[in-house]
Structure formats: C-alpha cells, structure tokens
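This report concerns only the one structure given below.
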Amino acid sequence: MAKPIILLTPGHEDGDDKLYMKFSYVDAIIKAGAVPLIAGLDTDEDYISTALASVHGLLLTGGDDIDPSIFGEEKSDKCGPVSDLRDLFELRALKLALEYGMPVLGICRGAQVMNVALGGTLYQDMPGHRQSGAYHEPHHSVTVTEPLSEIYPEHSPVNSFHHQAIKKQANGLRVCAESDDGYIEGVYMPGHPFFVGVQWHPERMIQTDAAARRLFEKFTHECTAYKMKGKKND
Ligand code: MN
C-alpha cells in the first residue's frame with residue numbers, strides 16, 4: 001500500500017532567500033512510514049488548498065516566534081524574528097486541514113500556532129525551558145493525560161527549546177501534557193482523529209525514546225486512515 005504523504009512547514013526569515021528544514025523532522029516521518037513533503041510558502045489560497053488536497057497529514061514544525069499581533073498583543077522586546085509569510089501560510093493551511101478533518105501534528109512553535117489559530121494566546125518570553133544540553137537529552141518532566149497517555153507514560157522526561165508557551169488556551173483545545181512548573185506542554189482537540197500539539201521536540205528523541213517513536217507512528221497511522229477514507233469517498 002502506498003504510504004501517506006505529510007506536508008511539513010519549513011522555517012523562513014522574511015527577506016532571506018532560504019527555507020529551513022531540520023533533517024530530524026523528515027527522518028522521523030520517513031522512519032514512521034510516511035513520505036515528507038516540504039511546503040513552499042505562499043499566501044495564495046488556491047495554492048494552499050491544492051497543496052493540502054494533495055496530502056494526508058500536516059506537520060507544523062518548530063521555529064521562530066509567531067507575530068504577537070496575531071493574538072492581539074504588542075510585540076515585546078523579547079520577541080525574536082518573525083515571518084509574516086510563514087505565519088499566514090500556517091494559519092491558512094491549518095484552517096483547511098481542520099475543514100478536511102486531516103491529521104495535524106504541531107511541534108513546539110506548531111503547538112503554539114494551533115493555539116493561536118483557534119483564538120488562544122502565548123507567553124512571549126518565559127524562563128527555564130531553553131536547554132543548553134544535547135537535543136535528545138531530557139530537560140524537564142511532563143505530566144501526561146488522555147489521550148496522549150496512550151502514547152507517553154504519565155511522567156515523561158522531555159527536551160525543551162522554547163521561550164514561548166501557551167498562555168490562554170484556545171476554547172477548542174484541551175491540555176494533555178503539563179510541565180512541572182505549570183506550563184501547558186501538550187494540547188489536543190477532542191473529537192478529532194488526530195490534532196495534537198506538543199511543546200517538546202519528539203523528532204529529536206526518536207533514537208532514545210520509544211514514546212517519541214510511537215507519537216510519529218500514531219500520527220502516520222492516522223494519516224493512512226485519512227487517506228483510505230478519502231479513497232472511499234472518491
Ligand atoms: Mn518545556
């Protein structure tokens with residue numbers, strides 16, 4: 001059976017002639033049995049809807065900060081570089097993915113994009129969650145609840161590279177992981193086949209953490225189910 005195709009959103013700095021994609025994302029998707037497709041960034045709605053209609057899952061990757069104007073705040077001096085192009089592409093792609101009922105995995109910034117797209121807000125700069133150790137090394141523990149607890153143990157050590165985090169949780173989302181110091185580290189959408197955002201970087205832990213591998217496998221499994229469902233409707 002042909003593998004599902006998953007659209008990955010790359011990083012971009014306005015004015016720079018590059019797209020950025022960490023190898024670990026494509027590697028995690030391939031090892032979990034799917035085909036990663038790196039998205040070109042454009043705000044044209046026909047382009048975005050054609051791209052989304054061609055794939056079976058959406059992975060919102062980590063990256064730079066989201067422009068705080070999107071959640072109605074002034075930009076603090078702690079806010080890093082932003083990309084209007086990436087922000088707009090991801091918000092539009094996510095809206096379409098929701099309309100289609102397509103599986104979505106958000107990682108770090110991706111979890112924040114999910115929250116902001118649905119009306120939540122972010123801390124623009126919070127302390128203590130940016131580790132200096134190696135990418136695969138855990139930095140703090142999270143307490144995991146349903147449905148993520150089907151994948152991760154109740155107390156899971158995770159890595160941490162963020163300085164932003166969910167402040168006001170969006171109405172449509174529920175918390176499924178929380179850090180020891182009380183920040184939201186995982187969200188999901190009740191009733192959706194797979195709409196999960198995590199604040200840590202499981203793609204950097206697949207070599208050492210079976211739960212990180214299970215998360216990608218569950219995601220690609222749901223993308224396969226989405227693909228098969230689409231076929232039946234043709
Ligand atoms: Mn963290």
Side-chain angles (χ1 to χ4, degrees), residues 8-9 11 20 22 24-25 27-28 59-68 70-71 73 76 78-82 86-87 90 94 104-118 120-170 173-189 194-216 218-219:
L8 276 61
T9 57
Y20 297 88
K22 296 261 177 82
S24 51
Y25 292 110
D27 187 45
L59 172 56
L60 300 171
T61 67
D64 291 334
D65 293 344
I66 299 162
D67 192 323
I70 292 171
F71 49 91
E73 286 188 13
S76 104
K78 298 277 176 56
C79 185
V82 297
R86 183 178 184 185
D87 287 350
E90 289 190 328
L94 185 59
V104 183
L105 175 60
I107 293 178
C108 197
R109 170 196 158 95
Q112 297 163 10
V113 169
M114 286 169 155
N115 188 57
V116 166
L118 293 162
T121 66
L122 306 177
Y123 292 106
Q124 290 193 44
D125 188 55
M126 33 88 75
H129 280 252
R130 206 168 224 181
Q131 74 190 61
S132 52
Y135 277 102
H136 68 279
E137 282 172 10
H139 179 67
H140 62 73
S141 181
V142 288
T143 300
V144 179
T145 47
E146 286 284 326
L148 196 58
S149 53
E150 290 161 21
I151 296 168
Y152 273 88
E154 188 185 350
H155 298 287
S156 286
V158 296
N159 56 10
S160 195
F161 296 93
H162 54 119
H163 81 117
Q164 298 198 308
I166 292 171
K167 184 161 68 177
K168 181 179 149 280
Q169 174 197 338
L173 298 179
R174 299 280 174 279
V175 175
C176 56
E178 199 173 288
S179 64
D180 295 343
D181 55 354
Y183 289 102
I184 294 170
E185 290 262 346
V187 288
Y188 73 103
M189 180 179 285
F194 191 98
F195 191 92
V196 177
V198 294
Q199 195 57 74
W200 62 93
H201 284 269
E203 81 284 2
R204 288 287 191 159
M205 300 182 84
I206 59 168
Q207 273 86 10
T208 51
D209 182 11
R213 292 193 290 275
R214 283 197 298 272
L215 179 62
F216 282 100
K218 172 71 172 163
F219 176 44

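Side chains included, hydrogens not; waters and symmetry mates left out as well; all remaining heavy atoms used. For this chain, numbers begin at 1 and follow the sequence in order. We count ligands from 1, going down the list as the structure has it; atoms in each ligand are counted the same way. In this text the structure is predicted, and so the values were computed from the model without any measurement.
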Notebook entry, point to check: Centroid-to-centroid, Phe195 to Tyr188, below 6.0 Å?
Noted result: no
Rounded to 10°, the OE2/Glu185 to the Mn ion (ligand 1) to NE2/His140 angle comes out at 90°
If we count only N and O atoms by modelled type, under 3.5 Å, do the side chains of Glu185 and His140 hold a donor and an acceptor together? yes
field: Within 45° cone and under 6.0 Å: Arg204 NZ/CZ vs Tyr135 ring
entry: yes
Practice item. Please state whether the separation between the Mn ion (ligand 1) and some N/O/S atom of Tyr183 is under 2.8 Å? Key: no
Atom name of the N, O or S atom of His129 nearest to the Mn ion (ligand 1) is ND1
Exercise. Quick one: do Tyr20 and Asp64 satisfy side chain to side chain contact (heavy atoms under 4.5 Å, CB included)? Show the steps, please.
Key: CA-CA 11 Å; Tyr20 297 88; Asp64 291 334; over 6 Å; no
How about His139: does one of its N, O or S atoms come closer than 2.8 Å to the Mn ion (ligand 1)? no
